[in-house]
Every structure is written in C-alpha cells, then in structure tokens.
Student: 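The structure's right below; bear with me while I get my questions together.
Side-chain atoms are counted along with the backbone in the values below, which use heavy atoms only and exclude waters and symmetry mates. Order of appearance sets the numbers: ligands from 1, and atoms from 1 within every ligand.
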Amino acid sequence: MRTRAAIIREPGKPWEVTELSLDEPRQGEVRIAFKASGLCHSDEHIQTGDSTGRLPMVGGHEGAGVIEAVGAGVTRVKAGDHVVCSFIPACGTCRYCSTGRQNLCDWGAQMMTGMLADGTFRFHDDGGADLGGFCMLGTFAERAVVSQNSCVPIDPYIPFEVAALTGCGVPTGWGTSVYAAGVRPGQTVVIFGAGGVGSNAIQGARYAGAAHVIVVDPVEFKRSKALEFGATHVYASAAEAQEAVVEMTWGQLADHAIITIGVLSAEVV
Ligand SMILES: [Zn+2]
Ligand SMILES: [Zn+2]
C-alpha cells in the first residue's frame, strides 16, 4: 500500500511531504487511517535538531483515526474501531506496566527510532530507506502500521480533532500539574508557556484546587486563552510575574513552577 506522509530526512531541513510504501500489519500490529493529528513541539524538535532521532522519520505522535486492518494476535482493537494513539505504548506486561507505571513502558525505548517489536520498520521510501514513525506512530502519515499497544479505543461520537489532543498535550500538561507536581488545594502555581502542554497544565492546576494559577507567556493570544482555561493571573514576562507572586503570596513565592516552553536557553528575561 502507498501513503502520503510528512517526514524529516535531515535536521534543519523543512518537513517533506512525500509518498511512502507501507507494509501490512504483522503480529500484534494494526493499520490506522489517521483522521487528525496535532503538531507538538517535540515534532519540531526533530525538525530543528534540538532532539535527535533515527532519520529519516515520519513525524507526528498525537493522532486519532480508524483501524482499517489488524495483524495476527490482535485482541485490543478491531477493524472499524476509532482510536487515539498514545505517544508511549502500554504493553501491559513489562515491569513498569504491570506495576501501574505505563508511562515508563519498556517499549517506549524505541520512541526515537520508531522501530516496531520485531526490530523492523513498516514505512519505506522509493530509494529503499526504512522509516520509523516518531514515538512508534508517525501520525503525519495518512496511514500507518503501529502496535496495538499504542492504541486506545474511543467512542465513535468523539471528534477526531479533540481525541488527537489526548495523545500527548493533554496528559503531558495535566499530568505535570496533577501527578508530577502534585498540586494541592490552596497552592500557588506558576506556569511558564501556555501552548498545547501549558494550557493543559493550567487546567490541571485549577482542577487540583490551586488558589493562584499564574501564567507567563509573551503572546497575547495565549494569555487570553490561558484565562479561559483557568489561569487566575497572566503576565507577559517572568519579571512582571515575580513582582506579583511576591505580593500575592506575602513573600512566600510559588509552591510549584511548571516549565512548558518550547526551548530552554540561559538568557535572563
Ligand atoms: Zn508531544
Ligand atoms: Zn510495558
């Protein structure tokens, strides 16, 4: 089968939309027709070279679609199911999955290569190169073959463009506030950056009962959206926020600082 896909061949070069050949699903694998995909900054990190993966690679790790075909031994989904893909697979049986830490599934070791369980790749270009999908997915392809362990079935009434966001940005941001930081009622949280991850960190902090959800972002549009998502205060710079945090916490400062900006640098703002 042929599929169109957006790929990266070399860091620093733009996304290339091209046609690839796609193998049939093997043991435990499924073929998905993606209907919606987010563009996460982690994809851009591959394009810019800020993070390095095995290239060439099909981009995208935040997608939802329909299962078109299943390989042998597939039990979690069937043809016709609507699914959202997880950016880390959950095999269910490794040490971490079996102790409730699916976010550390052993299979995640291949996120940056896209190699599937039998050590091979399903995407191939016309020059004979094998391509992995980012996070073992490649949601920037119209079709992809992925492990059933990367798929979570969803009810068919859920719009694909909404479901896709729960593949990375929503759990990453929400989980950072609610689980990693463990925000408690009454606390003060400062969130740097109100993009896809940050806007979900805002919602998580608000849900967890933070008294002050303070957002720092230089982009006016993001600051106004942050207020809709539950921020109590928004500032364009860290310096402005610092002054306000000192004031509103009687000098005790924030309980948590959550950094969800694109690229960290050593510049003093
Ligand atoms: Zn992501
Ligand atoms: Zn696992």
Student: Pick out which of Ile191, Thr172, Ile261 makes a side-chain contact (heavy atoms from CB on, under 4.5 Å) with Val197.
Tutor: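 It is Thr172; the other options fail the test.
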Student: Are the aromatic ring centres of Tyr179 and Trp174 under 6.0 angstrom apart?
Tutor: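 Ring centres of Trp174 and Tyr179 not closer than 6.0 Å.
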Student: Any idea how Phe87 and His61 line up, ring-wise: parallel (<30°), tilted (30 to 60°), or perpendicular (>60°)?
Tutor: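 Perpendicular.
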Student: Taking the Zn ion (ligand 1) as the vertex, measure the angle between atom NE2 in His61 and atom SG in Cys40; round to 10°.
Tutor: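 Vertex the Zn ion (ligand 1), arms to NE2 of His61 and SG of Cys40: 110°.
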Student: State whether Cys168 contributes an N/O/S atom found under 2.8 Å from the Zn ion (ligand 1).
Tutor: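 Checking the Zn ion (ligand 1) against Cys168, an N, O or S atom does fall under 2.8 Å.
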Student: For the residue pair Thr188 / His212, report whether a side-chain donor-acceptor contact shorter than 3.5 Å exists.
Tutor: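 A pair is found: one side chain offers a donor N or O, the other an acceptor, under 3.5 Å apart.
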Student: How open is the angle at the Zn ion (ligand 2) from atom SG of Cys91 over to atom SG of Cys105, rounded to 10 degrees?
Tutor: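 SG of Cys91 and SG of Cys105 make an angle of 110° at the Zn ion (ligand 2), to the nearest 10°.
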